[in-house]
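For reference, the structure is listed below as structure tokens.
On a predicted model such as this, the values are computed, not experimentally measured, just so you know.
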Amino acid sequence: MTLDLAGVGIGPFNLSLAALADPVPGLRTGFFERRKEFRWHPGLLIEGATIQVPFLADLVTLVDPTSPLSFLNYLRERDRLFPFYFAEKFHLARAEYDDYCRWAGHRLPSCRFGVEITEIDTTESAFRLATTDGEPITARNVVLGVGTEPFVPEPLRPLLSEAVLHAADYLAERERLLAAPEVTVVGAGQSGAEVFLDLLRHRRRPGGLRWIARTASFAPMEYSKLGLEQFTPDYTTFFHGLDEPVRDRLLPAQWQLYKGIDSETIAEIADELYRRSIGGGWPDVVLTPGVEVVEAHRDGGRVALGLRHVQQGTTAVWHTDAVVAATGYTETPLDRLLGPLADRLVTDGRGRPVVERDFRLRLEGVPGSVYVQNAERHTHGVGAPDLGLAAYRAASIVNSVCGREVYRLPSRTAFTTFGLPSQETE
């Protein structure tokens, strides 16, 4: 059987697509994931950590609130609707979101776990996907939801897996970090703040904890109501229509939309530090923004970090027993997976894939379409990795594959008008 759509990888975005494609009559889909079950950032499911979007940003609700795979129906099936109602939680615990997605994945017959797609090629009329179990899959269209990879700055990479770990592996190494004499957390995003707070609360030694970052301050995430409209489809359309150089200049300037820290987490850190100052004296911890790691090497059984202050231009060497690199993620390169199709990929001036507004890769001479999820920030803006746009993007892909409006999408999603019309209308 030839599928109408084959999904590579099952993270939240392809899971959303599977959920919205499931009830469409006649639409044949299959989604394939190398892991044995759904897992979402398992190394960062720290107790008390929440996702940064409201619970309505589940797999389906912002497109189809009647879906049986909504978060509210998940609560209903678990007999937890009343506890959730009284808890008055607008933002879910990460562990709960992870459990919800796993619940949904078990209810979707199109989702196959334990099957890895290793390469994509074409026949005369379809795509052929090679798998680790030797069973070829043919599909008229493909969607890549292979996610992102942990990013570690170059100076720290030689020591990775020794004394340096990425925050994605934090929980697996937590006990060792709690016992280490000195630990340095690098990175001032949400994961860096959560790791620092967890270590601050639970380390056996009250001191020996440091937190550094390149940003000028430990800054809050932009969370104003109109500011958040930059995570709407309206803004995505505006951003996609900008010239490539303009998009490239704009993205770094918007860092507080996706690299800042939740204000509640900042408050919890400040409260914990204040609590430790009761009775006199400052907490034996160091928080220093504006600092970048320029070099790292082993010095005996410890790590020597060569640091430079971005504004001062001064340098220093700090010794530490372990480093947690909370330095974010980078998009997974597509050329490895595309294999022979990589030569047909149309790229922009910086060698990145050109992605159409409906999330299709621009490919030459292929029999169908290849869509991407969370590989298009350079063309679609800061909302690409945001869970709040997952259902909208998935519905857009369903509509594109079917060639009709399966899901009615709103014509306007923001009070803000992005862009200036060429002339005023009467």
Side-chain angles (χ1 to χ4, degrees), residues 5 7 11-21 24 51-67 69-71 90 141 143-145 148 221-244 246-248 250-251 253-254 256-258 331 352-362 369-422:
L5 179 65
F13 298 135
N14 262 358
L15 190 59
S16 173
L17 179 54
L20 290 172
V24 180
I51 61 174
Q52 266 54 67
V53 292
F55 71 90
L56 291 174
D58 61 10
L59 301 173
V60 293
T61 294
L62 289 176
V63 166
D64 181 12
T66 67
S67 169
L69 294 174
S70 70
F71 175 74
F90 202 52
N141 302 282
V143 56
L144 306 179
T148 54
M221 191 176 297
E222 166 61 64
Y223 211 74
S224 64
K225 289 180 171 32
L226 290 181
L228 288 177
E229 289 194 336
Q230 291 169 91
F231 293 98
T232 60
D234 283 9
Y235 184 80
T236 300
T237 299
F238 162 74
F239 187 90
H240 191 269
L242 297 174
D243 293 335
E244 179 187 331
V246 178
R247 295 197 301 256
D248 288 343
L250 185 55
L251 272 175
Q254 297 174 312
Q256 276 188 262
L257 288 170
Y258 59 98
E331 292 171 358
R352 299 166 301 192
V354 174
V355 186
E356 308 289 3
R357 178 61 185 90
D358 64 353
F359 309 100
R360 281 181 299 120
L361 291 176
R362 191 178 296 176
S369 296
V370 176
Y371 300 86
V372 291
Q373 302 221 59
N374 195 13
E376 72 282 1
R377 186 161 60 188
H378 62 291
T379 56
H380 288 63
V382 294
D386 190 76
L387 294 174
L389 282 173
Y392 184 95
R393 178 171 50 197
S396 299
I397 294 172
V398 169
N399 288 352
S400 179
V401 169
C402 293
R404 59 186 177 87
E405 189 184 65
V406 177
Y407 289 102
R408 184 183 67 82
L409 299 176
S411 59
R412 183 172 180 178
T413 55
F415 292 114
T416 306
T417 299
F418 300 102
L420 186 65
S422 58

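Residues Phe13 and Leu387 are in side-chain contact: their nearest non-hydrogen atoms beyond the backbone lie under 4.5 Å apart. A 4.5 Å side-chain heavy-atom check between Val355 and Leu361 finds at least one atom pair inside the cut-off. Under the 4.5 Å side-chain criterion, counting only non-hydrogen atoms from C-beta, Val24 is in contact with Cys402. Side-chain contact between Tyr371 and Val401 is present, with heavy atoms from C-beta onward closer than 4.5 Å.
Residues passing the side chain to side chain contact (heavy atoms under 4.5 Å, CB included) test with Ala21, sequence neighbours excluded: Leu27, Thr29, Val398. Every residue two or more places apart in sequence or in another chain was checked for a side-chain hydrogen bond (donor to acceptor under 3.5 Å, both in side chains) with Gln52, and none qualifies. In terms of the side chain to side chain contact (heavy atoms under 4.5 Å, CB included) criterion, residue partners of Glu244 (sequence neighbours excluded) are, by chain and number, Arg247, Asp248, Asp348, Arg350, Arg352. Qualifying ring pair (Phe, Tyr, Trp, His ring centres under 6.0 Å) partners for Tyr235, counting only residues two or more places apart in sequence or in other chains: Phe238, Phe418. Listed by chain and number, the residues in a side chain to side chain contact (heavy atoms under 4.5 Å, CB included) with Arg357 are Pro233, Thr236, Thr237, His240, Phe359, His380, Tyr392 (sequence neighbours excluded). Shown here are the side chain to side chain contact (heavy atoms under 4.5 Å, CB included) partners of Thr61, two or more places apart in sequence or in another chain: Leu56, Asp58, Pro65, Ser70.
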Carefully, step by step, assess Glu331 and Thr148 under the rule side chain to side chain donor-acceptor pair (under 3.5 Å). CA-CA 4 Å; Glu331 292 171 358; Thr148 54; over 6 Å; no
Check the pair Phe239 / Leu251 against side-chain contact (heavy atoms from CB on, under 4.5 Å), numbers first and verdict last. CA-CA 10 Å; Phe239 187 90; Leu251 272 175; 3.8 Å; yes
Mind running side-chain contact (heavy atoms from CB on, under 4.5 Å) on Asp358 and Ser400 for me, showing each step along the way? CA-CA 7 Å; Asp358 64 353; Ser400 179; 3.1 Å; yes
Please lay out, stage by stage, how Phe71 and Val60 fare under the test side-chain contact (heavy atoms from CB on, under 4.5 Å). CA-CA 8 Å; Phe71 175 74; Val60 293; over 6 Å; no
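Scanning both residues, Gly227 and Glu222, for their nearest heavy atoms gives CA-OE2, 3.9 Å. Taking all atoms of both residues into account, the shortest heavy-atom contact from Ala395 to Leu409 is CB-CD2, 3.8 Å. Closest heavy-atom contact between Leu69 and Ala19: CD1-CB, 3.6 Å. For Val382 against Pro385, the heavy-atom pair with the smallest separation is O-CD, 3.2 Å. Heavy-atom minimum distance, Gly388 versus Ala57: CA-CB, 3.7 Å. For the pair Asn399 and Val406, the tightest heavy-atom approach, listed with the atom from each and the gap, is OD1-N, 3.0 Å.
Judged by distance alone, with hydrogens and angles left aside, the side-chain atoms of Gln373 form no donor-acceptor pair with the main-chain N or O of Ala375 at under 3.5 Å. A donor-acceptor contact shorter than 3.5 Å is absent between the side chain of Glu229 and the backbone of Ala414. Although no hydrogens or angles enter the test, the distance criterion places a donor-acceptor pair under 3.5 Å between the side chain of Thr379 and the main chain of Glu376. Without hydrogens or angle criteria, Asn141 side chain to Leu5 main chain gives no donor-acceptor distance under 3.5 Å. Distance alone, capped at 3.5 Å, places no donor-acceptor pair between the Asp234 side chain and the Arg412 backbone. Side-chain atoms of Gln230 do not come within 3.5 Å of backbone N or O of Leu228 as any donor-acceptor pair.
Distance check: Met221 CE to Ser224 OG gives 12.5 Å after rounding to the nearest 0.5 Å. With values rounded to the nearest 0.5 angstrom, Leu17 atom CG is found 11.0 Å from Leu59 atom CG. To the nearest 0.5 angstrom, Asp386 atom CG is 10.0 Å from Asn374 atom CG.
Judged by a 6.0 Å distance limit and a 45° cone about the ring axis, Arg377 is positioned over the six-membered ring of Tyr258.
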